[in-house]
Amino acid sequence: MTDTQPRYRAITLSNVSKVPQWEKLDSELREAVETVARVLPFRTNAYLMDELIDWDSVPNDPIFQLTFPQCEMLEDDQYARVRDAIEREAGKEEMNAIVNEIRMELNPHPAGQMTHNVPHINGEPIPGMQHKYRETALFFPSQGQTCHAYCTFCFRWAQFVGMDGLKFANKEADQLGQYVANHREITDVLFTGGDPMVMKAKIFERYVDQLLEIDHVRTIRIGSKSLAYWPQRYVTDGDADEMLSLFERIVDAGKQVAFMAHCSHPVEFDPEIARTAISRIRSTGANIRMQSPVIRHVNDDPMAWRDMWITGTRLGMIPYYMFVERDTGAKNYFEMPLERCWEIFRAAYQRVPGTARTVRGPSMSCHPGKVHILGVTEIAGEKAFMLEFLQARKPELVRQPFFAKYDPTATWFDQLEPLSENDVPFFQRDLDTVDLSVSV
Ligand SMILES: *Cc1c(COP(=O)(O)O)cnc(C)c1O
Ligand code: SF4
C-alpha cells in the first residue's frame with residue numbers, strides 16, 4: 001500500500017456539488033438530487049463517477065440511474081412537500097418530520113424482514129441474523145451495514161437512513177457461531193449487509209473463524225456489490241491481500257467461498273481493475289456467482305442481461321439469479337409488470353449458451369418464499385402465470401408448479417390470485433415459522 005493508490009471517498013449530498021461532474025448536470029437534475037436525497041439514501045464515489053458513468057448519456061446512463069436520485073422516484077406530492085420545505089428553509093425538526101412521513105409511505109420494511117425470520121438462542125432474539133430457509137442463515141455483521149455506494153432501488157434503504165440500522169446489526173461473533181453450531185441443518189452462512197466487504201479483513205476474519213471449526217458449514221457466502229462499486233478492495237486497498245488470504249484459508253479448511261456478486265449491468269466489468277479483482281478472487285479458489293434484480297431504467301433490456309451473462313461467464317463467474325425489484329422505496333419508478341420481467345429474462349436466456357443458463361429467474365423474494373415466474377401460459381382456456389417456489393418456508397412446496405390468474409399489471413406476488421382451488425395452498429399469506437423438521 002502506498003500513498004499514491006486511490007483512496008475510497010464517499011460522495012454524498014454534502015459534497016456532491018464539489019465534484020467536477022456536478023457541472024455536467026442541468027439544473028433540473030441537480031434539484032432532483034438535492035430534493036430526493038433528503039428522503040432516500042444517496043452515496044456514490046469517484047470510481048463510479050470517473051470510470052462507470054458515461055456522462056454523455058446522462059440521465060439515461062444505467063449507472064447514473066443506479067446511484068443518482070431521480071425526480072420521479074418520489075410521487076409528485078411527496079416531491080413537492082420536500083421541495084417546498086427546502087425553499088422556505090424549514091427548520092431541522094420540521095424537515096425531519098416531513099421526510100419521515102414520506103419514508104413511512106414508502107413501505108420501509110418489506111416481506112416481514114424485521115418481525116419474522118429472526119432466530120433465537122435460549123429464547124433471546126439475535127437481531128443481526130435471519131434464518132428463513134432451512135440450509136442458509138443470513139448474518140448481518142454490524143461493521144458491514146453500509147456500502148461503497150448506494151443503489152437507488154435498494155430494498156434495504158431504510159437502514160441507510162437510520163430507520164432500522166441498529167436493529168439489524170449484530171455485534172456478537174460468538175452468537176453467530178453458537179447459533180450455527182446448534183443448527184446442523186445450516187450448510188451455508190451468507191454474510192450480507194449493506195456490503196460485508198466494506199469490513200476490514202481483520203474484522204471479517206473474526207466472524208469467519210467462528211465458522212471454520214463447524215463441520216456442517218460447507219459454504220461461506222459473501223453477498224457483495226464491491227466488484228462494481230469498489231474493485232480496488234481486492235487490488236490496491238491496504239488489506240486487499242489480507243482479505244484474499246482469508247478466502248484462501250476458508251478454501252484450505254475444506255469449505256466453499258461463494259462470492260455472490262451483485263451485478264447490475266455489463267459496463268461494471270469494463271474497467272481493467274474490475275477484471276483484475278475478479279481474477280484475483282477466483283485465484284483464491286473462491287467462486288463467484290452473479291445476481292441482480294431487473295430494474296426499469298437500469299437494466300430493463302434483454303441485451304444488457306445477455307451481455308452480462310456472456311461476459312461474466314467468460315470472466316469465470318456463474319450466472320445465478322435474476323430477481324424482481326421488491327415492493328419498497330421508489331418502487332413506482334423502478335418496478336415493471338411481472339410479465340415484462342419474464343420477457344426480458346426469456347429474451348436474454350435464449351441468447352446465451354448452456355454454460356450461462358445456470359441462471360434462474362425472474363424470482364420474487366416474498367414472505368412465503370422465493371417465487372420463480374416460469375411464464376405466462378393458458379390453462380383450460382384461461383390465461384395464467386405459471387410459478388414455482390425455489391425456496392420456501394415450507395420446504396415441501398419447493399419445485400411444485402402452481403398457477404395464478406393472469407394479471408398484466410401485477411408487479412409483485414401479493415397482487416396475484418390463485419387460479420384454482422389447487423393453487424390456494426401456495427398463497428398462504430401468513431406463514432410465521434421456518435419448518436426445520438427435516439434435519440440434514
Ligand atoms: C435469497 C435468500 C437466501 C438464499 O437463497 P438461495 O436460493 O440459497 O440463494 C437465503 N435467505 C433469504 C432470506 C433469502 O431471501
Ligand atoms: S449494494 Fe446491495 S445493500 Fe448496498 S445499496 Fe446496493 S442493493 Fe443495497
Side-chain angles (χ1 to χ4, degrees), residues 10 40-45 48 63 65-69 110-114 116-119 129-141 144-161 165 168 185-198 218-230 233 256 258-265 268 289-293 295 298-299 318-326 328-330 334 358-361 363-372 388-393 395 398-399 413 434:
L40 293 166
F42 166 52
R43 178 184 198 141
T44 182
N45 65 49
L48 293 169
I63 306 298
Q65 292 283 331
L66 180 67
T67 49
F68 274 80
Q113 290 223 80
M114 304 306 298
H116 303 280
N117 316 333
V118 176
M129 284 189 81
Q130 263 185 41
H131 187 195
K132 181 169 175 179
Y133 306 129
R134 196 166 52 206
E135 294 82 7
T136 304
L138 268 53
F139 184 66
F140 299 78
Q145 295 315 303
T146 185
C147 303
H148 296 99
Y150 292 148
C151 310
T152 37
F153 58 79
C154 179
F155 72 99
R156 299 227 167 95
W157 64 273
Q159 81 180 51
F160 302 136
V161 294
F168 245 59
E185 72 279 6
I186 297 175
T187 60
D188 289 37
V189 175
L190 169 54
F191 285 87
T192 181
D195 192 326
M197 290 293 101
V198 303
R218 296 173 204 146
T219 299
I220 293 180
R221 298 199 209 180
I222 301 162
S224 179
K225 181 85 190 160
S226 52
L227 288 182
Y229 282 173
W230 194 248
R233 209 270 157 265
Q256 171 180 221
F259 191 102
M260 314 302 287
H262 175 187
C263 306
S264 310
H265 197 278
E268 294 171 351
R289 288 175 176 75
M290 307 161 66
Q291 57 183 17
S292 172
I295 305 282
V298 174
N299 57 22
I318 307 159
Y320 189 63
Y321 271 135
M322 175 201 270
F323 294 117
V324 178
E325 159 69 349
R326 292 204 199 201
T328 178
F334 293 116
T358 46
V359 65
R360 291 160 301 161
S363 167
M364 293 176 272
S365 296
C366 16
H367 189 55
K370 275 187 168 62
V371 179
H372 184 193
E388 70 176 1
F389 281 111
L390 292 171
Q391 293 283 0
R393 282 166 193 280
V398 168
R399 280 274 173 172
F413 189 58
V434 193

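Both ligands and their constituent atoms are indexed starting at 1 by order of listing. Numbering of residues begins at 1 and proceeds along the displayed sequence. The model shown is predicted, which means the values in this text are computed figures rather than measured ones.
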Under a 4.0 Å N-O cut-off, is there an ion pair linking D188 with R221?
yes
Starting from atom 7 (O) of ligand 1, what is the nearest protein heavy atom, named by residue and atom, and what distance separates them?
Y321 OH, 2.6 Å
Of all the heavy atoms in F160, does at least one lie under 4.0 Å from an atom in ligand 2?
yes
What protein heavy atom is closest to atom 12 (C) of ligand 1, reported as residue, atom name and distance in Å?
Y133 CE1, 3.6 Å
Heavy-atom check, side chain of L48 versus side chain of I63, under 4.5 Å
yes
If you measure every N or O of Q130 against every N or O of ligand 1, does any of those distances drop under 3.5 Å?
no
Donor-acceptor pair between T192 and R156 side chains, under 3.5 angstrom
yes
Go through it in stages, so that I can follow the logic: the residues are F42 and Y150, the test is ring-ring contact (aromatic ring centres under 6.0 Å, His included), and I'd like the CA-CA distance, side-chain angles, deciding distance and then a yes or no.
CA-CA 6 Å; F42 166 52; Y150 292 148; 9.0 Å; no
Shell check on atom 6 (Fe) of ligand 2: protein N, O or S atoms less than 2.8 Å away are C151 SG
Is it the case that ligand 1 has an N or O less than 3.5 angstrom from some N or O of Y320?
yes
The closest protein heavy-atom partner of atom 3 (C) of ligand 1 is K370 NZ, 3.3 Å
So, does G194 sit close enough to ligand 2 that a heavy atom of it is under 4.0 Å from the ligand?
yes
Does a salt bridge link E388 with R360, judged by any charged N lying under 4.0 Å from a carboxylate O?
no
Can you pull out the closest protein heavy atom to atom 8 (O) of ligand 1? Residue, atom name and distance to 0.1 Å, please.
R221 NH2, 2.8 Å
Below 3.5 angstrom, do we get any N/O pair linking R360 and ligand 1?
no
Which is closest to atom 10 (C) of ligand 1 in terms of heavy atoms, T187, L138, N117?
L138
